[in-house]
There are 4 protein chains.
Amino acid sequence: MVSINKTSSKPYYEQLMLSIKQEILQGVLVAGDKLPSVRELARDLMMNPNTISKAYKLLENEQVLITVKGKGTFVKKSDSTQRDDFRIQMLKGKLKDLFIEAGHLQVTHEELVEWIQESEEMWGMKNED
Amino acid sequence: MVSINKTSSKPYYEQLMLSIKQEILQGVLVAGDKLPSVRELARDLMMNPNTISKAYKLLENEQVLITVKGKGTFVKKSDSTQRDDFRIQMLKGKLKDLFIEAGHLQVTHEELVEWIQESEEMWGMKNED
Amino acid sequence: MVSINKTSSKPYYEQLMLSIKQEILQGVLVAGDKLPSVRELARDLMMNPNTISKAYKLLENEQVLITVKGKGTFVKKSDSTQRDDFRIQMLKGKLKDLFIEAGHLQVTHEELVEWIQESEEMWGMKNED
Amino acid sequence: MVSINKTSSKPYYEQLMLSIKQEILQGVLVAGDKLPSVRELARDLMMNPNTISKAYKLLENEQVLITVKGKGTFVKKSDSTQRDDFRIQMLKGKLKDLFIEAGHLQVTHEELVEWIQESEEMWGMKNED
DNA sequence: GTGGTCTAGACCACC
DNA sequence: GTGGTCTAGACCACG
């Protein structure tokens with residue numbers, strides 16, 4: 001399922017985090033599902049277990065996964081109680097930068113909005129079950 | 001005009017690039033305008049000239065600025081004839097990643113679109129070139 | 001200042017995190033202060049730089065520190081806007097467990113409250129400047 | 001009575017120890033009461049007998065339980081004559097760490113004290129032995 | 001078997 | 001000089 005682009009400049013562990021997050025949004029992974037063990041995934045992706053572990057640990061900090069020593073790592077039930085204002089602010093900042101880049105690439109705002117709608121449809125988001 | 005946040009974790013040269021690009025989009029800087037010399041800007045912003053130079057060079061590569069030996073660095077007239085498909089693909093990828101993050105931060109697509117509209121209005125963009 | 005007990009079962013990086021947090025609460029470290037470089041501290045504490053780095057990184061995730069590549073790691077200005085309910089809940093759980101242990105060690109609730117007051121005075125917390 | 005949260009990241013054997021200790025403090029279990037056999041409890045909780053055994057053994061070490069060969073495991077009468085200073089020091093250390101965390105989560109000392117009082121009332125502690 | 005911690009050492013990006 | 005990423009391999013704790 002998940003795959004890593006070893007020629008990208010984006011760190012492996014970030015790619016992995018995004019890949020897992022995407023599968024959760026798509027409903028491929030749901031709350032309670034067990035992720036591959038760090039060793040197993042490391043073998044499959046031909047990476048060092050430490051790198052996998054780093055990704056899992058960071059997703060645990062973000063409350064996306066939960067890991068139990070000796071048992072494995074699992075998708076956590078999202079407690080949609082609280083929004084993380086700090087990270088949302090970061091996100092907004094990134095969108096602004098992206099917006100500036102778009103302007104210089106002659107990408108119109110309408111196109112940006114279109115892209116967002118595309119993503120929404122293309123993935124068949126299963127966010128509400 | 002341009003300013004650098006020395007406590008941000010974003011590299012100085014990237015901040016500078018974005019800052020210049022933003023001013024161009026806002027119409028503060030227009031095609032043909034002369035930018036401050038590397039030394040001058042380095043002094044004003046209390047930064048290493050190498051860092052300024054790096055930002056200018058990268059913006060030359062992106063066809064945003066143009067340097068004339070012995071004269072200075074200038075805002076280039078954007079040739080709207082061709083769009084850089086490669087970089088647009090990059091941008092689209094970044095937007096997709098941002099979209100995934102948004103999903104996990106419980107930011108709805110509507111909010112994202114709103115943010116884009118906000119930026120548009122707030123700046124009074126003048127990119128009708 | 002900071003010191004590590006190499007015979008404790010508590011991980012080095014956690015000890016370091018607590019040590020730094022304590023110094024911030026005590027006012028020994030204040031917003032904007034530069035922490036020792038990972039290499040420097042690693043040398044002083046006779047530890048591997050990776051371990052120091054891990055502690056710094058985690059404190060960055062907790063928004064206690066901020067690090068700028070090429071410059072160093074600094075104490076962050078605490079934005080007291082938002083309380084992290086999730087982590088507060090964790091803390092409350094730990095206090096409950098501690099409370100049970102106390103009961104079995106014949107430590108009364110009054111003693112517990114006393115200990116808290118002690119800490120408060122002993123350190124001369126500088127939380128409000 | 002005792003129950004285990006299989007999705008918690010706290011080790012099973014620690015959860016079990018705390019659960020038993022809590023029931024003793026609440027008076028649900030009193031000195032002389034017989035605990036379920038290792039095998040029986042393992043079956044009821046769907047856990048590995050080794051894990052139960054480990055918890056019982058550690059509670060024996062802490063002088064909370066006592067095992068009589070061929071008869072079973074029983075709640076021990078607490079000898080309130082001497083307090084275990086070493087473990088009390090440990091406890092005090094943990095409270096100090098917890099206190100530091102509280103400070104960084106903007107939890108006031110008053111709140112901490114409140115939480116202690118809450119626990120006290122909620123359980124109707126019966127530790128007048 | 002699972003994940004967690006720590007070390008050692010290489011290479012890269014930023015200033 | 002600074003921190004960041006990744007690999008390799010050792011040892012420990014949990015079930």
Side-chain angles (χ1 to χ4, degrees), chain A residues 4 6 8-16 34-42 45-60 65-74, chain B residues 4 6 8-16 42 45-55 58, chain C residues 4 6 8-16 34-42 45-60 65-74, chain D residues 4 6 8-16 42 45-55 58:
Chain A
I4 299 297
K6 298 219 173 184
S8 161
S9 66
K10 200 194 288 288
Y12 298 170
Y13 76 94
E14 272 187 23
Q15 289 186 50
L16 186 50
K34 187 181 180 306
L35 290 159
S37 81
V38 288
R39 286 169 177 83
E40 189 183 347
L41 193 52
L45 299 178
M46 309 242 297
M47 288 167 56
N48 188 294
N50 283 338
T51 305
I52 312 287
S53 190
K54 186 175 188 174
Y56 280 10
K57 204 77 202 299
L58 286 170
L59 286 175
E60 204 187 347
L65 302 181
I66 180 155
T67 133
V68 187
K69 255 202 278 197
K71 305 281 296 218
T73 302
F74 305 84
Chain B
I4 298 298
K6 297 221 173 186
S8 160
S9 62
K10 199 196 289 287
Y12 293 170
Y13 79 94
E14 270 187 26
Q15 287 187 52
L16 187 49
L45 299 178
M46 312 235 299
M47 287 167 58
N48 189 313
N50 288 333
T51 306
I52 312 287
S53 189
K54 182 173 186 176
L58 286 168
Chain C
I4 299 297
K6 297 219 174 184
S8 161
S9 66
K10 199 195 287 290
Y12 297 170
Y13 77 93
E14 272 186 23
Q15 289 185 49
L16 186 49
K34 186 181 180 306
L35 290 160
S37 81
V38 289
R39 285 170 178 83
E40 188 183 348
L41 192 52
L45 300 178
M46 310 243 296
M47 288 167 56
N48 188 295
N50 283 338
T51 306
I52 311 289
S53 189
K54 186 175 187 173
Y56 280 9
K57 205 78 201 297
L58 285 171
L59 287 175
E60 204 188 347
L65 302 181
I66 181 157
T67 133
V68 187
K69 256 201 281 196
K71 304 281 296 221
T73 302
F74 304 84
Chain D
I4 298 297
K6 298 220 174 188
S8 160
S9 63
K10 199 196 290 290
Y12 294 171
Y13 79 94
E14 270 187 26
Q15 287 187 53
L16 187 50
L45 299 178
M46 312 236 298
M47 288 167 57
N48 189 314
N50 289 332
T51 306
I52 312 288
S53 189
K54 182 174 187 173
L58 286 169

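Throughout, a chain's letter reflects where its sequence line sits, starting with A, and its residues are numbered from 1.
Distance CD1/C:Ile4 to CE/C:Met47: 5.0 Å, rounded to 0.5 Å. Distance check: C:Thr67 OG1 to C:Glu60 CD gives 5.0 Å after rounding to the nearest 0.5 Å.
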Report task. Using a 4.0 Å heavy-atom cut-off, write out nucleotides 9-15 of chain E from 5' to 3' as B (base contacted by protein), S (sugar-phosphate only) or - (no contact). Result -> B----BS
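Comparing E:dT7, F:dG4, E:dG3 by their closest approach to the side chain of A:Ser37 singles out E:dG3.
In this structure, A:Lys34 atom NZ and F:dG15 atom P are separated by 15 Å, rounded to whole Å. Atom C1' of nucleotide E:dT5 and atom CG of C:Leu16 are separated by 14 Å, given to the nearest angstrom. One interatomic measurement links the two molecules: CE of D:Met46 to C1' of F:dG15, which rounds to 15 Å at whole-angstrom precision. When rounded to the nearest whole Å, the span between CG of A:Leu65 and P of E:dT2 equals 17 Å. When the P atom of E:dG4 is taken as reference, atom CG of A:Leu58 falls 11 Å away, rounded to whole Å. Atom CG of C:Leu41 is separated from atom C1' of F:dG1 by 16 Å (rounded to the nearest Å). Regarding C:Glu40, its CD atom lies at a distance of 11 Å from the C1' atom of F:dG1, rounded to whole Å. Atom NZ of A:Lys57 is separated from atom P of F:dT5 by 16 Å (rounded to the nearest Å).
The phosphate of F:dT2 (OP1 or OP2) has no side-chain N or O of C:Thr73 nearer than 4.0 angstrom. Residue C:Ser53 places at least one side-chain N or O under 4.0 Å from the OP1 or OP2 atom of F:dG4.
Across all their heavy atoms, B:Lys10 and B:Ser8 have their closest contact at N-OG, 2.9 Å.
For the pair B:Lys54 and B:Tyr12, the minimum side-chain heavy-atom distance is 4.5 Å or more.
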Report task. Kindly express the pairing pattern of DNA chain F in dot-bracket notation, using | wherever a base pairs with another strand and counting only Watson-Crick or G-U pairs under 3.5 Å. Result -> ||||||||||||||.
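With 3.5 Å as the limit, one finds no donor-acceptor pair spanning the side chains of C:Tyr13 and C:Lys57.
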